[in-house]
Amino acid sequence: MNTRKDAPWDGAGKRIHMQEVGTRDGLQAEQAFVPTEEKIALVNALSEAGMAKIEVTAFVSPSAIPALRDAEAVLRQIERAPGVVYSALVPNLRGAERAIDALADEMNLVMSASETHNLANLRMTRGQSFAALSEVNALARTAKLSVNVSLSCAFGCPMEGDVPVATVLDWCARFVDDMGAGGVTLCDTTGMAFPGQVAALTTAFRARWPHTELTLHFHNTRGMGLANVLAGIGAGADRFDASLGGIGGCPYAPGATGNVCSEEIVHALELMGYDTGVDLARLIDASKRLPALVGHDTPSQIVKAGQRLDLHPLPADFVAIRERAMARAAH
Ligand code: COA
Ligand code: ZN
């Protein structure tokens with residue numbers, strides 16, 4: 001009997017692919033402009049930590065996302081570790097040309113399952129986005145880049161509410177069956193997903209497209225991030241986006257806050273016996289650099305609390321306490 005489906009907390013050595021989005025989803029939401037050389041150093045540290053894929057940056061309009069206006073420079077100057085996929089977010093043809101020019105391995109095309117959020121974020125209807133992304137896809141094929149599609153608001157829209165499962169799967173079908181995308185990311189843009197919903201959508205996707213690379217992308221806006229990751233694993237998902245320090249959020253989605261935190265997810269999954277391929281100590285070291293770069297504390301609980309067995313010193317008067325207790329016991 002396969003008990004894994006019923007017991008996602010029993011990893012049994014199963015490989016989970018961790019995909020870092022902190023330098024894209026994370027930094028896009030920050031007021032501070034992180035200097036180009038610091039972004040490059042962060043990506044290099046994430047490569048060394050063993051992330052399977054890194055969404056390095058976004059080739060979007062610099063007036064829409066000023067924090068990522070140095071996308072070319074970052075992608076061109078990072079050190080590329082063998083086996084790591086370096087991806088970049090692309091909303092239109094202009095972005096695709098820039099991504100090809102800067103030698104991205106993969107284009108992450110983006111549109112929203114919600115018409116309202118698509119208009120707010122990308123200034124196009126979903127139909128217009130799909131037409132634009134079809135052209136981007138054709139260009140990517142010519143340039144031999146892989147294509148992943150990130151579908152925002154797949155678990156709900158902060159302005160429309162629930163997006164019907166049928167609508168989400170219809171857009172997936174257009175991308176996978178009609179366009180031939182190699183991967184789809186179901187994005188919970190504003191932390192509306194909950195475990196039962198995640199299990200249902202993951203199961204439905206997997207049943208229809210067993211061979212398509214599926215990524216789940218959660219934000220921890222309502223504290224359900226890790227629960228959603230486990231629900232996804234229980235339903236057959238093995239790839240997750242996460243951001244260093246738990247920073248992030250879409251500036252065009254009201255109420256958006258940080259992604260699930262990379263070091264928290266890796267810490268939890270490794271304790272459960274999964275193989276993330278990530279060197280947690282290196283990941284934590286990289287995360288500790290963030291507050292100085294973004295100008296504030298990050299949500300990371302692991303940076304604050306340490307790993308589970310990072311022990312604390314004894315109280316200063318511990319010897320006296322013990323002696324008193326033993327003296328009492330002797331009476
Ligand atoms: N890269 C660089 N510049 C771009 C660009 C790209 N991919 N796409 C458009 N531009 C520039 C245009 O050249 C134009 O510049 P100008 O004002 O100097 O002439 C300007 O941006 C507006 O272009 P237009 O085609 O009219 O786009 P728009 O204003 O309708 O905006 C998007 C559409 C998609 C380009 C823009 O909304 C965008 O980049 N959004 C990304 C939002 C995002 O990343 N959200 C978070 C991630 S989900
Ligand atoms: Zn996101």
Side-chain angles (χ1 to χ4, degrees), residues 17-30 32-62 65-91 94-110 136 139-140 143-148 150 182-183 185 213 215 217 239-248 259 261-263 266 276-294 298:
H17 305 271
M18 293 299 301
Q19 307 185 156
E20 177 62 40
V21 298
T23 49
R24 196 281 296 172
D25 206 337
L27 295 184
Q28 78 182 9
E30 295 296 333
F33 179 80
V34 174
T36 306
E37 60 275 19
E38 299 286 1
K39 287 179 179 139
I40 293 167
L42 265 185
V43 174
N44 291 346
L46 290 160
S47 295
E48 280 170 22
M51 304 303 282
K53 193 185 275 189
I54 302 175
E55 192 167 65
V56 177
T57 187
F59 291 100
V60 295
S61 157
I65 308 282
L68 302 182
R69 61 180 183 264
D70 55 356
E72 277 87 353
V74 177
L75 196 54
R76 282 216 189 95
Q77 292 174 50
I78 52 170
E79 284 162 29
R80 292 169 189 239
V84 180
V85 175
Y86 296 94
S87 183
L89 188 98
V90 166
R94 174 84 203 283
E97 287 161 357
R98 294 173 61 203
I100 292 168
D101 206 40
L103 303 176
D105 294 328
E106 177 193 88
M107 288 190 206
N108 186 19
L109 278 42
V110 59
V136 170
L139 186 62
K144 298 198 165 30
L145 264 71
S146 13
V147 168
N148 183 79
S150 277
T185 304
E213 196 175 279
T215 299
H217 174 112
R239 284 184 178 269
F240 295 91
D241 283 351
S243 87
L244 198 63
I247 60 172
N259 294 76
C261 168
S262 304
E263 58 269 28
V266 169
T276 63
V278 176
D279 180 333
L280 183 56
R282 283 193 173 180
L283 191 64
I284 293 171
D285 281 348
S287 186
K288 285 180 176 164
R289 300 186 196 177
L290 276 176
L293 298 177
V294 297
T298 67

(request) Would you give the length of the straight line joining atom OG of S262 to atom CD of Q19, rounded to the nearest 0.5 angstrom? (result) 11.0 Å

(request) Report yes if the side chains of L42 and L290 come closer than 4.5 Å at any heavy-atom pair, otherwise no. (result) yes

(message) Check this for me, if you would: do K53 and D241 make a salt bridge, where the nitrogen-to-carboxylate-oxygen distance has to be below 4.0 angstrom?
(response) no

(request) State whether the side chain of T23 and the backbone N or O of E55 hold a donor-acceptor pair below 3.5 Å, judged by distance alone. (result) yes

(message) Can a donor-acceptor pair be found, under 3.5 Å and without considering hydrogens, that links the side chain of R289 to the backbone of A286?
(response) no

(message) I'd like to check M18 versus L283 (side-chain heavy atoms, cut-off strictly below 4.5 Å). Are they in contact?
(response) no

(message) Using side-chain heavy atoms (C-beta onward) and a distance below 4.5 Å, is E72 in contact with R98?
(response) yes

(message) As an exercise, state the distance from CD of E213 to OG1 of T185, rounded to the nearest 0.5 Å.
(response) 8.0 Å

(message) The test is side chain to side chain donor-acceptor pair (under 3.5 Å); show your working for D70 and T36 and say whether it passes.
(response) CA-CA 7 Å; D70 55 356; T36 306; 2.8 Å; yes

(message) Are the side chains of V278 and E263 in contact, using a 4.5 Å heavy-atom criterion?
(response) no

(message) Checking the side chain of N108 only, and the main-chain atoms of S87 only, is there a donor and an acceptor separated by less than 3.5 Å?
(response) no

(message) Working note: D101 + R76, criterion side chain to side chain contact (heavy atoms under 4.5 Å, CB included); need CA distance, chi angles, decisive distance, verdict.
(response) CA-CA 9 Å; D101 206 40; R76 282 216 189 95; 3.1 Å; yes

(message) Does atom CD (E37) have a neighbourhood of more than 12 heavy atoms from anything else shown, all under 6.0 Å?
(response) yes

(message) Checking the side chain of R282 only, and the main-chain atoms of E48 only, is there a donor and an acceptor separated by less than 3.5 Å?
(response) yes

(request) Output the distance between atom CG (L75) and atom OG1 (T57), rounded to the nearest 0.5 Å. (result) 7.5 Å

(request) Answer yes or no: is there a side-chain heavy-atom contact under 4.5 Å between K39 and F33? (result) yes

(message) Working to the nearest 0.5 angstrom, can you tell me the gap between L293 CG and L27 CG?
(response) 8.0 Å

(message) I'd like to know if the side chain of Q28 and the backbone of A67 have a donor-acceptor N/O pair within less than 3.5 Å.
(response) no

(request) First locate atom CE of M51, then atom OG1 of T276, and finally report the distance between them rounded to the nearest 0.5 Å. (result) 8.0 Å

(message) Treating E20 as the side-chain partner and L244 as the backbone partner, does any N or O pair qualify as donor plus acceptor under 3.5 Å?
(response) yes

